[in-house]
Amino acid sequence: MKFFKNLNNKVDDNIIETYDSDMRNLFEKSVENNLTGRELEKSGKIDEAIELYERNVSNRFEGNYPYDRLAIIYRKRRDYDNEIRVLRTAVEVFENNQSMRKDISPKIDRFKKRLDAANKLKQK
């Protein structure tokens, strides 16, 4: 909470409100990126979809969709370095997730399995 205190060491509701609004906007933009990315993939514009998914990964989006899609795309392209990078980020994001969602642990396990497989493919 110290980040939300003003110079008088009191919690500043305006700062909290602004932070909440910014996070909500980032989440909405990330969801929009995912939906647009899916449509771009359907129309064969894979590189453009990658750009949108990568934005979500760089923002550490707490949904699995961009990580799943990028892992699949990079695997198909045999771009194991990028697949590994994305999967490592996914594991980190979900391991640090503080929510009470029950689907976090299975997602981490799934990402770790894919990461192991990608590492093995890279070593071939």
Side-chain angles (χ1 to χ4, degrees):
M1 272 313 243
K2 71 180 181 177
F3 299 112
F4 299 116
K5 292 185 178 179
N6 61 21
L7 295 176
N8 297 324
N9 209 25
K10 294 185 179 179
V11 174
D12 189 332
D13 291 333
N14 290 330
I15 293 173
I16 293 173
E17 212 171 282
T18 300
Y19 175 81
D20 287 344
S21 176
D22 289 348
M23 293 307 292
R24 206 170 20 258
N25 289 339
L26 179 60
F27 177 80
E28 289 171 4
K29 182 63 179 165
S30 296
V31 170
E32 181 181 317
N33 286 346
N34 289 338
L35 295 173
T36 303
R38 180 170 41 191
E39 292 304 313
L40 288 167
E41 280 190 76
K42 286 180 184 178
S43 64
K45 298 177 181 177
I46 307 301
D47 290 334
E48 292 176 42
I50 288 172
E51 287 181 35
L52 293 177
Y53 298 144
E54 285 286 2
R55 284 183 200 163
N56 287 354
V57 169
S58 69
N59 289 328
R60 305 180 69 76
F61 181 67
E62 292 184 354
N64 60 291
Y65 192 79
Y67 306 99
D68 286 334
R69 293 309 308 152
L70 285 170
I72 290 166
I73 291 167
Y74 290 139
R75 172 76 57 93
K76 286 180 179 178
R77 292 181 171 192
R78 297 177 189 213
D79 184 350
Y80 302 120
D81 289 331
N82 274 319
E83 180 184 2
I84 290 166
R85 174 187 55 78
V86 167
L87 291 168
R88 282 183 179 154
T89 303
V91 169
E92 186 178 304
V93 165
F94 284 92
E95 283 181 339
N96 292 323
N97 188 304
Q98 300 295 318
S99 77
M100 302 302 287
R101 291 173 45 178
K102 295 180 181 178
D103 64 341
I104 298 294
S105 183
K107 287 180 183 185
I108 293 169
D109 292 342
R110 185 169 46 82
F111 286 129
K112 284 182 176 179
K113 285 178 186 171
R114 283 201 71 140
L115 181 57
D116 287 341
N119 279 313
K120 288 176 184 170
L121 286 169
K122 181 182 177 185
Q123 293 172 357
K124 285 187 175 183

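Count residues from 1 along the sequence.
Of the options Leu70, Val57, Leu40, a side-chain contact (heavy atoms from CB on, under 4.5 Å) to Ile50 is made by Leu70 and by none of the others.
The distance from the OH atom of Tyr74 to the CZ atom of Arg69 is 12.0 Å, given to the nearest 0.5 Å. In this structure, CZ on Arg114 lies 5.0 Å from CZ on Arg75, to the nearest 0.5 angstrom. The CG atom of Leu26 sits 4.5 Å away from atom CG of Asn59, with the distance rounded to the nearest 0.5 Å. To the nearest 0.5 angstrom, Arg60 atom CZ is 6.5 Å from Asn96 atom CG. The distance from the CD atom of Glu32 to the CG atom of Leu35 is 8.0 Å, given to the nearest 0.5 Å.
A salt bridge does not link Asp103 to Arg110: none of the charged nitrogens lies less than 4.0 Å from a carboxylate oxygen. For Glu95 and Lys112, the salt-bridge test passes: some basic side-chain N is under 4.0 Å from an acidic carboxylate O.
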Next on the checklist: Under the criterion side-chain contact (heavy atoms from CB on, under 4.5 Å), I'd like the reasoning laid out for Leu121 against Arg78: C-alpha separation, chi angles, the key distance, then a yes or no.
Outcome noted: CA-CA 9 Å; Leu121 286 169; Arg78 297 177 189 213; over 6 Å; no

Checklist entry - Where do Asn97 and Lys107 land on the side-chain contact (heavy atoms from CB on, under 4.5 Å) test, with the steps shown first? => result CA-CA 11 Å; Asn97 188 304; Lys107 287 180 183 185; over 6 Å; no

Checklist entry - Yes or no on side-chain contact (heavy atoms from CB on, under 4.5 Å) for Ile84 and Leu115, after CA distance, side-chain angles and deciding distance? => result CA-CA 6 Å; Ile84 290 166; Leu115 181 57; 3.8 Å; yes

Item to check | Worked check of salt bridge (charged side-chain N to carboxylate O under 4.0 Å, His left out) between Lys42 and Glu39 | outcome: CA-CA 5 Å; Lys42 286 180 184 178; Glu39 292 304 313; 3.7 Å; yes

Checklist entry - Could you go step by step and tell me if Arg77 and Asp47 meet the salt bridge (charged side-chain N to carboxylate O under 4.0 Å, His left out) rule? => result CA-CA 12 Å; Arg77 292 181 171 192; Asp47 290 334; 2.8 Å; yes

Item to check | Worked verdict on Ile108 versus Ile104 for side-chain contact (heavy atoms from CB on, under 4.5 Å) | outcome: CA-CA 6 Å; Ile108 293 169; Ile104 298 294; 3.7 Å; yes

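Side-chain atoms of Thr36 never come within 3.5 Å of backbone atoms of Asn33 as a donor-acceptor pair (strictly under, hydrogens ignored). For the pair Tyr67 (side chain) and Tyr53 (backbone), a donor-acceptor distance under 3.5 Å is absent.
No continuous path of ILVMFWY side-chain contacts below 4.5 Å connects Leu52 to Phe61, so the two sit in separate hydrophobic clusters.
When all heavy atoms are compared, the tightest approach of Ala49 to Gly37 is CB-O, 3.4 Å. Minimum heavy-atom separation, Pro66 to Gly63: CD-O, 3.6 Å. Here the closest heavy-atom approach between residue Leu87 and residue Ala118 is recorded as CD1-CB, 4.4 Å.
The closest side-chain heavy-atom distance from Tyr80 to Asn119 is not below 4.5 Å. Side chains of Lys122 and Glu83 form no contact here, defined as non-hydrogen atoms less than 4.5 Å apart.
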